[in-house]
There are 2 protein chains.
Amino acid sequence: MEFAKTHSAGFLANHMARLFAAGLQQRFKELDLAPAQFMVLLELWEEDGLTQAVLTDRLDVEQATMANTLSRMQRDGLIDRIANPKDKRTRGIKLTPKAREVRQKALAAAATQNAEALKGLNEQEAETLIALMQKVILTLKRR
Amino acid sequence: MEFAKTHSAGFLANHMARLFAAGLQQRFKELDLAPAQFMVLLELWEEDGLTQAVLTDRLDVEQATMANTLSRMQRDGLIDRIANPKDKRTRGIKLTPKAREVRQKALAAAATQNAEALKGLNEQEAETLIALMQKVILTLKRR
DNA sequence: TGATATTGTATAGCCTGCTATGCAATCGCA
DNA sequence: TGCGATTGCATAGCAGGCTATACAATATCA
């Protein structure tokens, strides 16, 4: 059985994701922000006060992963967990001023990282890559 | 600043890689093999007795990451670390019979996982995706 | 209404990444 | 030849994935 890692979609996906994460982490360093935290902020900037369950669903990670990420964000002063009198099981995840303040810089850093990664591709190729990744994700999720 | 995660190469790369890893993990479960261990085996099946430094270089992970992965593999009886009289700093990483025995099944599992992930794409699209990922990886590594 | 099922979180424990350190062995050169 | 630089690994500590558990609050329905 021949198996060339340089031609394996799974190997390449893993490698590419690690390189993306490393670049993003560098760019976020001055903002005191970690990549996974940015993803959560992306949702909360759009709609503040979401529950952990909603965030878990929207970012497609496991509930335990989200719980831990939120704990680190709370520790770092990015969010507060606000009790919900209507349902004592849940707590609304609320942005702190600090989290609102980093928005522009964080978005710019992420956009720059994407641009940097794709700078070897033309417009057409970049769109194709994104479309194909979306397709693979859908395929893998549907099972 | 608009930033759609569904159109961000970085977000998609991360998501796709997680789904790949999850699928591979499932398929490897009966083999008592973890995804990162498989990558190491891939190198050692080709050339047994490599040093940790060479493996680190070939798989493009940090030295500490490789050291830990190798420790788990040794614990799990997949490799032995053999002292090298020529250079007492290094130890050759040697496959155990157990590691050689899982080769065919592991390769088949990985190939199946790749095929499953790409089954929504035609031959042409799959090749394009792989080529574009290779290009992005090269771009990100060169800086 | 009360028992059962479901839902929302938290926690423990593991894998795989990373950075930062520290140390021993080897190399290279003045 | 000897000493400073380099190389090869190990370890500590953290982020962010995951599975498995546990538990309280809420919902459902006989």
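The shown structure was predicted, so the numbers you read here are calculated from the model rather than taken from an experiment. To find a chain, count down the sequence lines: A is the first, B the second, and so on, and within it residues start at 1.
- In this pair, F38(B) and F28(B) present their aromatic rings tilted. The plane angle is within the 30 to 60° band.
- Contact between L118(A) and V136(B) at its shortest, heavy atoms only, is CD2-CG2, 4.1 Å.
- Across all strands, T51(B) comes closer than 4.0 Å only to sugar-phosphate atoms, never to a base (heavy-atom distances).
- Side chains of K135(B) and L138(B) form no contact here, defined as non-hydrogen atoms less than 4.5 Å apart.
- Between T65(A) and dG16(D) there is no side-chain N or O to OP1 or OP2 distance below 4.0 Å.
- Checking the phosphate oxygens (OP1, OP2) of dA10(D), a side-chain nitrogen or oxygen of R81(B) falls inside 4.0 Å.
- Ion pairing of E46(A) with R58(A) is absent here, as no side-chain N (NZ or NE/NH1/NH2) approaches a carboxylate O to less than 4.0 Å.
- One can place NZ of K88(A) at 12 Å from P of dA27(D), the figure rounded to the nearest angstrom.
- Rounding to whole angstrom units, CG of residue D76(A) and P of dC14(D) are separated by 12 Å.
- What separates CG of L55(A) from P of dG17(D) is a distance of 13 Å, to the nearest Å.
- Checking N14(A) against R18(A) by side-chain atom types alone, a donor-acceptor pair falls below 3.5 Å.
- For the pair K29(A) and T90(A), nearest-nucleotide mapping onto DNA chain C gives the more 5' position to T90(A).
- Looking at L41(A) and L33(A), their side chains come closer than 4.5 Å, going by heavy atoms from C-beta outward.
- Nucleotides of DNA chain C lying under 4.0 Å from heavy atoms of chain A occupy a range whose first and last members, 5' to 3', are dT7(C) to dC18(C).
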Please produce a list of atom pairs where a protein N or O lies less than 3.5 Å from an N or O of nucleotides 4-7 of chain D.
| unit_1 | atom_1 | unit_2 | atom_2 | d |
| --- | --- | --- | --- | --- |
| dT7(D) | O2 | R89(B) | NH1 | 3.0 |

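- Taken residue by residue, residues 56-63 of chain A places heavy atoms nearer than 4.0 Å to DNA chain D at V61(A), E62(A).
- Between the CG atom of N68(B) and the P atom of dC14(D) there is a distance of 15 Å, rounded to whole Å.
- Interface residues of residues 6-28 of chain B facing DNA chain C, ordered by number: none; criterion, heavy-atom separation under 4.0 Å.
- Between R81(A) and Q52(A), the closest side-chain pair of non-hydrogen atoms falls below 4.5 Å.
- Taking D76(A) as the reference, Q37(A) meet the side chain to side chain donor-acceptor pair (under 3.5 Å) condition, with sequence neighbours excluded.
- H15(A) has its side chain within reach of L19(A): a pair of non-hydrogen atoms, C-beta onward, lies under 4.5 Å apart.
- Dashed line: the shortest gap from a side-chain N or O of R72(A) to OP1 or OP2 of dC14(D) is not under 4.0 Å.
- Within residues 33-43 of chain A, the residues having any heavy atom closer than 4.0 Å to DNA chain D are, in order of number, A34(A), P35(A), A36(A).
- More than 12 heavy atoms of other residues, nucleotides or ligands shown are found within 6.0 angstrom of NZ on K98(A).
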